[in-house]
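Below, chains carry the letters A, B, ... as their sequence lines are ordered, and counting in each starts from 1.
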Protein chains: 4
Amino acid sequence: MPTPTFFRLPDEKRERFVDEAINEFADRSYAEASLSQIVKRVGIAKGSVYQYFADKLDLYRWLLIEEVPRRRREFVGVIDDADTDFWAALETQIERGMAFLVEHPKLARITAAAADPTAHEEVRGLHRAVCQAGEAELERSLERGIRRGAISKDVDPKIAVHFVTAITGPGLTNVVLQELGADLHEILASDELRRKLDPRRRRRLAKQALLLIQRGLGA
Amino acid sequence: MPTPTFFRLPDEKRERFVDEAINEFADRSYAEASLSQIVKRVGIAKGSVYQYFADKLDLYRWLLIEEVPRRRREFVGVIDDADTDFWAALETQIERGMAFLVEHPKLARITAAAADPTAHEEVRGLHRAVCQAGEAELERSLERGIRRGAISKDVDPKIAVHFVTAITGPGLTNVVLQELGADLHEILASDELRRKLDPRRRRRLAKQALLLIQRGLGA
Amino acid sequence: MPTPTFFRLPDEKRERFVDEAINEFADRSYAEASLSQIVKRVGIAKGSVYQYFADKLDLYRWLLIEEVPRRRREFVGVIDDADTDFWAALETQIERGMAFLVEHPKLARITAAAADPTAHEEVRGLHRAVCQAGEAELERSLERGIRRGAISKDVDPKIAVHFVTAITGPGLTNVVLQELGADLHEILASDELRRKLDPRRRRRLAKQALLLIQRGLGA
Amino acid sequence: MPTPTFFRLPDEKRERFVDEAINEFADRSYAEASLSQIVKRVGIAKGSVYQYFADKLDLYRWLLIEEVPRRRREFVGVIDDADTDFWAALETQIERGMAFLVEHPKLARITAAAADPTAHEEVRGLHRAVCQAGEAELERSLERGIRRGAISKDVDPKIAVHFVTAITGPGLTNVVLQELGADLHEILASDELRRKLDPRRRRRLAKQALLLIQRGLGA
DNA sequence: TATGAATGAGTTTTCATTCAT
DNA sequence: AATGAATGAAAACTCATTCAT
């Protein structure tokens, strides 16, 4: 976790640092990402990184577990299905997830990298933690859906959670990428690409995902 | 692609080399995988690798695009849905895919790593190629399914292909991992774990996946 | 040498600083000793060190040449052989030296490190100065011993001084360490070890050293 | 311990490497000694060191435990006191030890550094091993001396060994250094200094050491 | 064809020291 | 006086790749 020094930094400087760190870890795998690159781009001394974080892993951990999820929550908002229809909540979630993917592809990419099964022992541990947090939440949602009769009783939430996650995660991501005819890396470089996927089109794609899940699981 | 020299190698030696290369690339990401490790375990000189392959990437490319898919096809077999029921063919495919995952986790892991969005520029290109090959085939299957009336007419095969791939790929993988209470790395080390997931239990999981897809897409 | 600021410090704070500095330089060689460690343990800012001393070497010099000898003198006292028997004075000195070693192993260690011939150019200079001071004093003692007939006339005090120093310095230290079955680092950590070498046993060891010197040099 | 590669090196190259490594570790403490310096002086690539040794510690260990003792044995020879008079053997040993000190001050310095009590945890372990080996041998010698009547029966060889070691080690070293009016580092640089201590003078100094020990311990 | 020694660019990390506040 | 952020040189170590034998 970051040092107090890091939080005491002038906002502008801290943000520049975080942005470049996100750039680096979105571009390259943990092993390939290089602190040297980050400091070069931020324009600070190598040693400064170690004033802010204990080491490379510490920086990555904070990004992956704290900062990226925080930014995601900020963008996506909290979708509470406690008071609303399960399917309506899911639809909102899918739509906002797609918007996040398109508007913040770098952040999306860092999270997506957490699925890589070949990775540093230590990094894998972080990845598992990240995934499990999201899955636990969805599982509770599914259970609620079953209780309320939205989801069929013969669905096992412990299993279905992985299918729904797969559809709304890598599934939707790949749909988007195909629509754009590009990979995540290219999207970063091009505002034009991002505009290609206007909200109307996004809604159409979201509907398809929702339909599959709804028919697949619905009561 | 391998040099003629590589194919002229005594079978036993070539196989030992390939096995250790698979071990290494299944354990570590492309960036972390080390040729030094491979040659040490095979017991050949470092220079020899460059008699067989142009460089590290060339070796990885061949494994990812030729050798691992070849081994997968050998294990899974070709499931031709031209003559059979679409859903029956899919069910078979899912079941065999799960069996492959459990029996050959190393190979599965190399393929799964291809989903990592943060990776060498060049490696990413390979990954995309691998994915697109599989998706093209599935897309044709889906189109056939629609024509024959197995799949609803309002399904867009270009989009659905990603959802189905997500479910049968990362979705099922994660289901399996959760069932085993372990990650892919641990499965490798433990025959016991592998036995935990006997065919009957596998079939039950496959059914759940199939049901979701079938209800979701079915006419 | 310390700045006026250093001496103006509240006693409690200055003492805490000195104690931790001694801890650090007793644990690690000059090169390995780290100002960062010291300030962290004292709980002051890094920059403060430079308000008290010119630099790392300046701090070390003061400890080695002023503070540690001062503490040693305080513990050992001044043994004046001007009025007493040469051998009785030496015996006292040896006994007190051993007591110092056992009761203040950290201080002893800092002095002992001064014997290391591989060290910073500048540090070596300090070491030589420290050694020569002690040797000059002993040499005068030896000369007095010769004049009074306690020591044989054919002893060259300029040479003998090094042998006596060796016996009472590293010689006795190693005897003590062997008796304790430990190295200096372990002694620090263990009060129990220190108690193992009670005064009676210490006297026995001292006698052996004295006997060797007395028979070896005595008239 | 060195790799096979190291031993396969052309003699000239290997010797140049070892010589420079000895230079470095004789000049600076383990912590300060730098592989970068060594390779710069030898004129090879940094990576080459790691073809020869596992790491810095591995190189130091080999020098300290194998190579320097080997060179010392080669120079000093084996002095067997089994067949000769104990005192004559000791005298020879002292004389040759002094010659070694003067002729190979670098090697002597590396050994002497082993007495430094403030040092890397790992390095301290090596040092202790080196010291204990020498002491064990001398202890056996002393016991033989007692049995044969050369040494007084009331001498405890376990204790005396440290005093004798101190005299013939740091004691004699300091005598020599004082005679030369220099420290070990200056001796290295100056052939003239080395010549100042001709064999006749060396013998005189050795006699003084022997006399002290002989009178001190002799029956 | 096989070998394996040599390379050197690149990595993460440490730390004494400076200096604006 | 005290602070503590910034610095950057230097360290140990890794590894794909080359090339003479």
Side-chain angles (χ1 to χ4, degrees), chain A residues 3-6 8-10 13-14 31-39 42-59, chain B residues 3-6 8-9 13 31-40 43-59, chain C residues 3-6 8-10 13 31-40 43-59, chain D residues 3-6 8-10 13 31-39 42-59:
Chain A
T3 60
T5 303
F6 178 69
R8 265 185 244 120
L9 242 35
K13 188 175 188 178
R14 190 177 56 248
E32 286 162 306
S34 139
L35 299 186
S36 305
Q37 275 303 315
I38 296 175
V39 297
V42 180
I44 57 174
K46 244 177 221 172
S48 293
V49 177
Y50 293 86
Q51 302 269 15
Y52 309 151
F53 293 90
D55 52 24
K56 188 184 173 181
L57 183 62
D58 197 38
L59 165 57
Chain B
T3 60
T5 305
F6 178 67
R8 260 183 249 123
L9 241 36
K13 187 177 186 179
E32 287 163 305
S34 138
L35 298 187
S36 307
Q37 274 302 316
I38 298 175
V39 298
K40 198 189 290 174
I44 59 174
K46 233 181 205 166
S48 295
V49 177
Y50 293 84
Q51 305 272 4
Y52 309 151
F53 294 90
D55 53 23
K56 189 184 176 182
L57 182 62
D58 196 39
L59 165 58
Chain C
T3 61
T5 305
F6 178 67
R8 260 183 249 122
L9 241 35
K13 188 176 186 180
E32 286 162 305
S34 138
L35 298 187
S36 307
Q37 273 303 312
I38 296 175
V39 297
K40 196 188 293 171
I44 58 174
K46 233 181 205 166
S48 295
V49 176
Y50 292 85
Q51 305 270 9
Y52 310 151
F53 293 91
D55 53 22
K56 189 183 176 183
L57 183 61
D58 196 39
L59 165 57
Chain D
T3 61
T5 302
F6 178 69
R8 264 185 243 121
L9 241 35
K13 188 174 188 179
E32 286 163 303
S34 140
L35 299 187
S36 305
Q37 275 303 315
I38 297 176
V39 297
V42 181
I44 58 175
K46 243 178 221 169
S48 293
V49 176
Y50 295 87
Q51 302 268 16
Y52 310 151
F53 292 90
D55 53 24
K56 188 184 174 182
L57 183 61
D58 197 39
L59 166 56

* Can you tell me how far C1' of E:dT18 sits from NZ of C:K56, to the nearest Å? -> 17 Å
* Asked: Minimum heavy-atom separation for D:I44 to D:K13, with atom names?
  -> CG2-CE, 3.9 Å
* Asked: Starting at CD of D:Q37 and ending at C1' of F:dA11, how long is that distance when rounded to a whole Å?
  -> 11 Å
Set out, line by line, the N/O atom pairs under 3.5 Å between protein and nucleotides 2-5 of chain E.
residue, atom, partner, partner atom, Å
E:dA2, N7, B:Q51, NE2, 2.6
E:dT3, OP2, B:A45, N, 3.4
E:dT3, OP2, B:S48, OG, 2.9
E:dG4, N7, B:G47, N, 3.1
E:dA5, OP1, D:R8, NH1, 2.2
E:dA5, OP2, D:T5, OG1, 2.1

* B:L57 or D:E32: which one's nearest nucleotide on DNA chain F is closer to the 5' end? -> D:E32
* Rounded to the nearest angstrom, tell me the gap between atom CZ in A:R14 and atom P in F:dA6. => 12 Å
* Under-4.0 Å side-chain N/O to phosphate OP1/OP2 contact, B:Y50 with F:dT17 -> yes
* To do: Measure from CG on A:D58 to P on E:dT12 and round the result to the nearest Å.
  => 14 Å
* Provide the full list of salt bridge (charged side-chain N to carboxylate O under 4.0 Å, His left out) pairs with a residue in residues 48-59 of chain B, sequence neighbours left out, each pair given once. => B:D58-B:R61
* Kindly express the pairing pattern of DNA chain F in dot-bracket notation, using | wherever a base pairs with another strand and counting only Watson-Crick or G-U pairs under 3.5 Å. => .||||||||||||||||||||
* Spell out, as yes or no, whether a donor-acceptor pair under 3.5 Å connects the side chain of D:T3 to the backbone of D:Q51. => yes
* **Spacing of B:F53 atom CZ relative to F:dT18 atom P, expressed in whole Å** => 16 Å
* Structure fact -> Of D:D55 and B:A31, the one whose nearest nucleotide on DNA chain F sits closer to the 5' end is D:D55
* Side-chain heavy atoms of B:V49 within contact of B:I38, under 4.5 Å -> no
* D:L59 and D:F6: side-chain contact (heavy atoms from CB on, under 4.5 Å), yes or no, with the steps? -> CA-CA 11 Å; D:L59 166 56; D:F6 178 69; over 6 Å; no
* Tell me what B:A33 touches on the nucleic acid: a base, only sugar-phosphate, or nothing, going by heavy atoms under 4.0 Å. => sugar-phosphate
* Asked: A:L35 and A:F53: side-chain contact (heavy atoms from CB on, under 4.5 Å), yes or no, with the steps?
  -> CA-CA 11 Å; A:L35 299 186; A:F53 293 90; over 6 Å; no
* **Distance, nearest 0.5 Å, that separates NZ of C:K46 from NZ of C:K40** => 9.0 Å
* Heavy atoms under 4.0 Å, any strand shown: does A:S36 hit a base, just sugar-phosphate, or nothing? -> base
